Amino acid sequence: SQKIEQNSEALNIQEGKTATLTCNYTNYSPAYLQWYRQDPGRGPVFLLLIRENEKEKRKERLKVTFDTTLKQSLFHITASQPADSATYLCALRSTGFQKLVFGTGTRLLVSP
Amino acid sequence: EAQVTQNPRYLITVTGKKLTVTCSQNMNHEYMSWYRQDPGLGLRQIYYSMNVEVTDKGDVPEGYKVSRKEKRNFPLILESPSPNQTSLYFCASSPGQDLYNSPLHFGNGTRLTVT
């Protein structure tokens with residue numbers, strides 16, 4: 001069956017460190033993968049998109065990698081800040097399908 | 001301000017009483033979609049619309065209806081709500097019919113409780 005898996009346990013890190021979140025998928029052939037941030041009681045907000053033929057994408061302190069062989073995407077936040085504390089969702093669209101499928105998200109807690 | 005607006009933000013109702021959750025976007029987006037979010041299950045798509053008068057089922061459409069008479073509006077209708085439809089609902093829109101390079105813009109959610 002098709003699955004998108006993100007670590008359900010919260011990730012606790014100290015301010016200034018790099019946070020790395022993982023998104024694994026099975027039985028999908030994604031055309032691209034997206035990452036969103038969700039704060040409590042709010043809708044998800046788009047952060048980054050990476051295509052199947054791209055290995056890495058960066059935006060300010062954010063970096064996303066996409067390994068179609070491992071069927072995995074890694075999301076990095078460098079020099080993390082308490083304001084980065086939120087739940088991060090990965091989402092992918094399989095080739096030929098007009099919908100995004102979301103993972104359950106990983107909660108990130110950055111301590112001062 | 002470009003946004004997706006859902007109403008109401010909170011709704012408590014009783015089993016069987018028809019309700020409508022409204023969604024409106026002011027970005028002239030073609031694609032609109034409804035998701036529900038439940039603990040441990042994540043966001044699951046209910047219905048989506050590629051354009052006016054074009055709607056299609058997502059992964060969990062049972063018990064829901066939608067309509068797309070105008071480009072900006074995409075209401076979610078629960079004809080006979082049941083307690084298992086208690087959830088957090090999100091409306092989202094995207095500029096292109098092809099979701100490639102077109103991230104979703106989400107509303108702030110509607111928390112529905114059916115007793």
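Labels below follow one simple rule: chain letters A, B, ... track the order of the sequence lines, proteins then strands, and each chain is numbered from 1. If you're wondering where the values come from, they're calculated on a predicted model, not measured in any experiment.
- Only the side chain of B/R9 comes within contact range of chain A, with heavy atoms under 4.5 Å apart.
- Contacts of residues 73-83 of chain A with chain B at a heavy-atom distance below 4.5 Å are absent; not one residue qualifies.
- Using a 4.5 Å cut-off between heavy atoms, A/Q6 does not touch chain B at all.
- Options B/F90, B/F106, B/Y35 differ in how many heavy-atom pairs under 4.5 Å they form with chain A, and the most are formed by B/F106.
- Listed by chain and number, the residues in a salt bridge (charged side-chain N to carboxylate O under 4.0 Å, His left out) with A/R37 are A/D39 (sequence neighbours excluded).
- Contact annotation for A/I4: neither backbone nor side-chain heavy atoms come within less than 4.5 Å of a heavy atom of chain B.
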Can you give each donor-acceptor pair under 3.5 Å made by side-chain atoms of residues 105-112 of chain A, sequence neighbours left out, with the distance rounded to 0.1 Å?
unit_1, atom_1, unit_2, atom_2, d
A/T106, OG1, A/N7, N, 3.4
A/T106, OG1, A/N7, O, 2.7

Worked verdict on A/L100 versus B/Y48 for side chain to side chain contact (heavy atoms under 4.5 Å, CB included): CA-CA 11 Å; A/L100 276 178; B/Y48 66 96; over 6 Å; no
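- For residues 107-115 of chain B, a heavy-atom distance under 4.5 Å to chain A picks out B/G107, B/N108, given by residue number.
- Heavy atoms closer than 4.5 Å to chain A are found in both the backbone and the side chain of B/L43.
- For B/Q6, no part sits under 4.5 Å from any heavy atom of chain A, backbone or side chain.
- Side-chain N or O atoms of A/Y36 include none that pairs as donor or acceptor with a backbone N or O of B/P103 at under 3.5 Å.
- Counting non-hydrogen atoms of other residues, nucleotides and ligands closer than 6.0 Å to CG of B/L41 gives a total above 12.
- Distance CZ/B/R44 to OG1/A/T104: 12.0 Å, rounded to 0.5 Å.
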